[in-house]
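Everything on this sheet refers to the single structure shown next.
Here the structure is a predicted model, which means the values were calculated and not measured.
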Amino acid sequence: MKKVNKIFVSGNFNIIHPGHLRILKFARENGKKLIVGVESDQIAGNAVKINEQLRLENIKSLEYVDEAFIIND
């Protein structure tokens with residue numbers, strides 16, 4: 001199977017659970033680069049349990065994530 005150049009996944013990622021890990025790993029295996037958008041506190045609204053900077057840091061710490069940023073729009 002040919003890998004695409006970039007894969008983009010987004011979510012609020014309050015607590016990284018096995019489902020998140022599986023989908024992020026699967027996405028990375030199917031692309032050359034995995035980019036993850038973490039919803040800002042404003043966008044996530046009442047779903048926010050953990051500050052956006054900590055959620056971003058958690059996502060960036062995963063070995064198969066190449067790039068991550070906060071989505072504000």
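Interatomic distance, I23 CD1 to I7 CD1, rounded to the nearest 0.5 Å: 10.5 Å. The distance from atom NZ of K60 to atom CD of Q53, rounded to the nearest 0.5 Å, is 8.0 Å.
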Do any side-chain atoms of residues 8-15 form donor-acceptor pairs under 3.5 angstrom with protein atoms, and if so which ones, sequence neighbours left out?
unit_1 : atom_1 : unit_2 : atom_2 : d
N12    : OD1    : N14    : N      : 3.3
N14    : OD1    : K49    : N      : 2.8
N14    : OD1    : I50    : N      : 3.4
N14    : ND2    : A47    : O      : 2.5

Residues 62-73 side chain polar contacts: donor-acceptor under 3.5 Å, at least two apart:
unit_1 : atom_1 : unit_2 : atom_2 : d
D66    : OD2    : R28    : NE     : 3.0
D66    : OD2    : L34    : N      : 2.7
E67    : OE1    : K33    : NZ     : 3.1

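Linking ILVMFWY side-chain heavy atoms closer than 4.5 Å, directly or via other members, places L24 and L56 in a single hydrophobic cluster.
Under the ring-ring contact (aromatic ring centres under 6.0 Å, His included) criterion, no residue pair touches residues 33-61, with sequence neighbours excluded.
Considering only heavy atoms from C-beta on, E39 stays 4.5 Å or farther from V48 through its side chain.
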